[in-house]
Student: 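Sharing a structure here in structure tokens format.
Each residue takes its place number in the sequence, starting with 1. Whatever order the structure lists them in is the order used to number ligands and atoms, beginning at 1.
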Amino acid sequence: MLIDVHCHLNDPRLIDDAPSIVADFPKDGLLAVVNAAYDRESAQIGAELAARYDSVYATVGIHPHDAVFAVPEDYEVFAELLKRPKILAVGETGLDYFYDKSPRDIQRRVFREHLELARAAHKPVVLHIRDAYGDALDILKDARHCLEKGVLLHCYGGGAEAVKDFSRFDCFYSFGGAVTFNNGEANRASLAAVPRDRLLLETDCPYMTPVPFRGQLNYPKHVRLVALKVAEVLGISVEEVEELNKQNAEAFFKVRF
Ligand SMILES: [Zn+2]
Ligand SMILES: [Zn+2]
């Protein structure tokens, strides 16, 4: 059975269909999904979904795009939600220097604040890093005391070489639709460089739609297309990929799905 470790059912484009998407999980071979927050409202919606559906879990945090809007009360709301057993991690947080939607100094500050939140709540952290892997490494080194429960680099795009650098931390790496892209050679090389016991699968839906559905909305069920490609790249069966993903997801999130 498949687990999508990073999706956005809380996205305005998916939320109205969430009941039917979740109802189809058994038919689609999905055991569970982890819904990632990107701001306070989406965190609250994710928490509601997790409360309503057995197979939905959630994280709480502010995306680097929205870092400029972060206020102290956000962390109070997140700290309360993190007391619930199905709120598994802090995130997605991190740095995005590709879009630069929030000023970089504010992104770095809000990233550090999220790491402190994870430390206080004894939870792992889900990271979104784009074109900022050097700065992310520096911040993680400084905040090593906040990483006791582990780090997940979602949509890992740091390259095969950087896997060594991040593996000095308790780091997991998740891969999504990009592994299926025609121009995804670098992503597939990264995938091959990641230790098997650190590998996870995601969709990041509604974004990152895998081949052959590019240009359409993405859904959690498409994690199967990611699993098939990962199996092909690693030269193992899709059943082995599913089992690895389940074991690793349970190791990272400290829960039995
Ligand atoms: Zn992201
Ligand atoms: Zn995301």
Student: I want to know whether Y75 and H114 have ring centres closer than 6.0 Å.
Tutor: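 Between H114 and Y75, which both carry aromatic rings, the centre distance is below 6.0 Å.
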Student: For E113 and R108, what are the C-alpha separation, side-chain angles and deciding distance, and is it a salt bridge (charged side-chain N to carboxylate O under 4.0 Å, His left out)?
Tutor: CA-CA 9 Å; E113 289 167 356; R108 289 189 289 267; over 6 Å; no
Student: Between H8 and Y38, does the ring centre distance come in under 6.0 Å?
Tutor: yes
Student: What N, O or S atom of H8 is found closest to the Zn ion (ligand 2)?
Tutor: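 Among the N, O or S atoms of H8, the one closest to the Zn ion (ligand 2) is NE2.
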Student: Tally of protein N/O/S atoms under 2.8 Å from the Zn ion (ligand 1)?
Tutor: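 Step by step: take the Zn ion (ligand 1), keep protein N, O, S below 2.8 Å, and you get 3.
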Student: I need the minimum non-hydrogen distance between A47 and A58, along with the two atoms involved.
Tutor: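 Smallest interatomic distance, heavy atoms only, reads N-CB, 4.3 Å.
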Student: Kindly state whether the ring of Y133 and the ring of Y156 have centres lying under 6.0 angstrom apart.
Tutor: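 Judged by ring-centre distance (under 6.0 Å), Y133 and Y156 do meet the cut-off.
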Student: Quick check, are the ring centers of Y53 and F25 under 6.0 angstrom apart?
Tutor: no
